[in-house]
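Down below is the structure, laid out as structure tokens.
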Amino acid sequence: MGFEELLAERTERMRASAIREILKVVSQPGMVSLAGGIPAPASFPLEIMEELVSRVFSKYGAQSLQYDRTEGFIPFVEALVPFLAQKQIHTSADKILVASGSQGVLDSVGRVLISPGDKVAVESPTYLGALQAFNPYEPNYVCLATDDDGLIPESLDDALKKNRVKFTYLVPTFQNPTGRSIPLHRRKQIAEIIRRHDALLLEDDPYSALRYRGEELPPIAMFAPDNVIFTTTLSKVLAPGLRLGICVAPEVIRKWLVIVKQGIDLHTNTFSQALACEYLSGGYLDRHLPKIINLYRPKQEAMLQALQTYFPDGFRWTNPEGGMFIWVAGRKGMDMEKLYWKAAECKVVYVPGKFFFANQGEGLETMRLNYTMSDEPTIHDAIRILAEVMKENLPE
């Protein structure tokens with residue numbers, strides 16, 4: 001039987017991640033990947049996991065292995081109140097929703113808010129995983145202009161004036177893919193704009209804890225709490241395999257997110273939540289986070305220094321104060337997807353930037369580099385090799 005005939009029409013908008021497809025070469029022997037967006041295994045607090053597990057079973061016993069509330073394991077959501085307050089998100093336990101990673105929040109928001117043809121505003125470029133989460137619900141994207149400081153507020157204002165936008169999606173701090181952070185004055189402008197238009201913002205905050213220098217920035221949600229769905233995760237500061245996302249949303253939207261989650265997975269992994277609860281309430285995160293910062297900071301510095309030393313004139317790159325990514329723009333006329341395969345022949349890979357744009361044909365000359373998964377000497381050598389590939393393929 002041709003089972004393809006049974007597939008729902010929405011599958012036409014669903015594709016395997018282009019990044020995952022081209023990165024199959026990463027597994028080849030000797031390949032250095034500057035491509036993945038994943039934390040280093042050395043950042044995981046393995047040395048305390050046995051202690052955390054013991055605390056979980058001692059305190060919660062079989063309850064930690066049982067079905068639980070859709071909204072979240074009560075001790076965990078209570079521990080999240082002070083955790084979120086440190087991020088300037090002041091809320092109560094009964095207003096927090098725990099998801100299977102922040103990706104689970106993105107999918108649920110798509111299910112609740114997007115009807116075919118609805119307009120969703122996104123940065124250009126934006127997080128590819130968000131596009132993949134929203135695409136099955138068939139939105140039309142309104143692409144917002146950005147510069148070295150991230151979203152240009154006037155672009156958002158203009159988009160909301162001209163379009164009935166269901167919601168705007170932003171990663172304001174250490175954005176994936178660019179590493180950019182929206183400065184404080186723009187955050188206040190964006191908050192004023194969404195309040196004035198009575199609009200909705202989905203603020204995604206996976207990376208703000210990974211700050212290596214500079215001053216912390218408050219979330220946009222602090223300035224417009226009634227207009228923002230705020231989501232964050234423990235994937236970058238505990239372990240991504242635990243799949244823990246956290247969401248605070250306006251009540252009417254939160255209610256529907258809970259209903260949707262009941263149909264998806266009933267609730268998030270109880271044992272993971274119990275582990276994370278002890279990690280937060282026992283003060284382990286406060287002690288472990290500096291280790292993660294000290295692990296990543298020299299890696300980022302090594303990449304930035306190597307780019308400065310080796311890359312040819314006419315290339316520009318971001319200089320983030322934290323996060324996991326550096327965004328590189330080559331000369332006009334370059335195609336970083338084609339050059340990807342030449343770099344792979346030299347045993348170095350990255351992510352072509354075109355995949356982070358909602359509109360096809362944009363960002364051909366860009367690439368995303370990740371530094372979390374390699375040590376400093378490897379990063380230095382990989383950037384040197386990558387620079388040689390770029391020099392050999394400069395446009396006339």
Just verifying a value: how many Å separate [X] [atom1] and [Y] [atom2], rounded to the nearest 0.5 Å?
X    : Y    : atom1 : atom2 : answer
T231 : E203 : OG1   : CD    : 10.0 Å
M324 : N176 : CE    : CG    : 8.0 Å
E50  : L52  : CD    : CG    : 10.5 Å
T126 : L170 : OG1   : CG    : 8.0 Å

Inset, instruction - Tell me, with the steps shown, if Q88 and H90 meet side-chain contact (heavy atoms from CB on, under 4.5 Å). - result: CA-CA 6 Å; Q88 304 301 316; H90 300 286; 3.7 Å; yes
Inset, instruction - Would you kindly confirm whether I379 and L295 end up in one hydrophobic cluster when ILVMFWY residues are joined by side chain heavy atoms under 4.5 Å apart? - result: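 In one cluster: yes.
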Inset, instruction - For the pair K95 and E251, find out whether any cationic side-chain nitrogen is under 4.0 Å from an anionic carboxylate oxygen. - result: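 Result for this pair is no, no salt bridge flagged.
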Inset, instruction - Salt-bridge test for R55 and E278: reply yes if a basic N is under 4.0 Å from a carboxylate O, no otherwise. - result: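 Salt bridge present between R55 and E278.
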For residues [X] and [Y], determine if any side-chain heavy atom of one lies less than 4.5 Å from a side-chain heavy atom of the other.
X    : Y    : answer
E215 : L184 : no
L84  : I96  : yes
M222 : K87  : no
I383 : L369 : yes

Inset, instruction - Compute the ring centroids of H380 and Y310, then answer whether they are less than 6.0 Å apart. - result: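 They qualify: ring centres under 6.0 Å apart.
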Inset, instruction - Determine whether the aromatic ring centres of F83 and Y279 lie less than 6.0 Å apart. - result: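 No, the ring of F83 stays outside the 6.0 Å limit from the ring of Y279, centre to centre.
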Restricting to non-hydrogen atoms, name the atom on [X] and the atom on [Y] that form the minimum distance, rounded to 0.1 Å.
X    : Y    : value
L200 : V228 : CD1-N, 4.4 Å
H267 : Q66  : CE1-O, 4.1 Å
A99  : T268 : C-OG1, 3.2 Å
D157 : H197 : OD1-NE2, 2.6 Å
R287 : P290 : O-CD, 3.5 Å

Heavy-atom count around [X] [atom1] within 6.0 Å, excluding the residue itself: above 12?
X    : atom1 : answer
D147 : CG    : yes
E9   : CD    : no
K391 : NZ    : yes
D313 : CG    : no

Legend entry - Parallel, tilted or perpendicular: rings of F134 and Y141 (30°, 60°):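 Tilted: the ring planes of Y141 and F134 meet at 30° to 60°.
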Inset, instruction - Could you check N227, L160, L201 and say which one makes a side chain to side chain contact (heavy atoms under 4.5 Å, CB included) with I193? - result: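 Result for side chain to side chain contact (heavy atoms under 4.5 Å, CB included) with I193: L160.
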Legend entry - Matching residue for T168 among L202, L144, I190 - test: side chain to side chain contact (heavy atoms under 4.5 Å, CB included):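 That would be L144; it is the only one of L202, L144, I190 passing the side chain to side chain contact (heavy atoms under 4.5 Å, CB included) with T168.
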Legend entry - Residues that A191 engages under side-chain contact (heavy atoms from CB on, under 4.5 Å), provided they are two or more places apart: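 Partners of A191 under the side-chain contact (heavy atoms from CB on, under 4.5 Å) test: R195, I220, F223, A224.
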Legend entry - Pair E192-R187, salt bridge (charged side-chain N to carboxylate O under 4.0 Å, His left out): steps then yes or no: CA-CA 9 Å; E192 188 277 327; R187 292 175 186 237; over 6 Å; no
Does the [X] side chain pair with the main chain of [Y], one donor and one acceptor, at a distance under 3.5 Å?
X    : Y    : answer
R384 : F311 : no
N393 : V389 : yes
H288 : S43  : yes

Legend entry - ring-ring contact (aromatic ring centres under 6.0 Å, His included) against Y207, all qualifying residues, sequence neighbours excluded: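 Scan of Y207 (ring-ring contact (aromatic ring centres under 6.0 Å, His included), adjacent residues dropped) gives F325.
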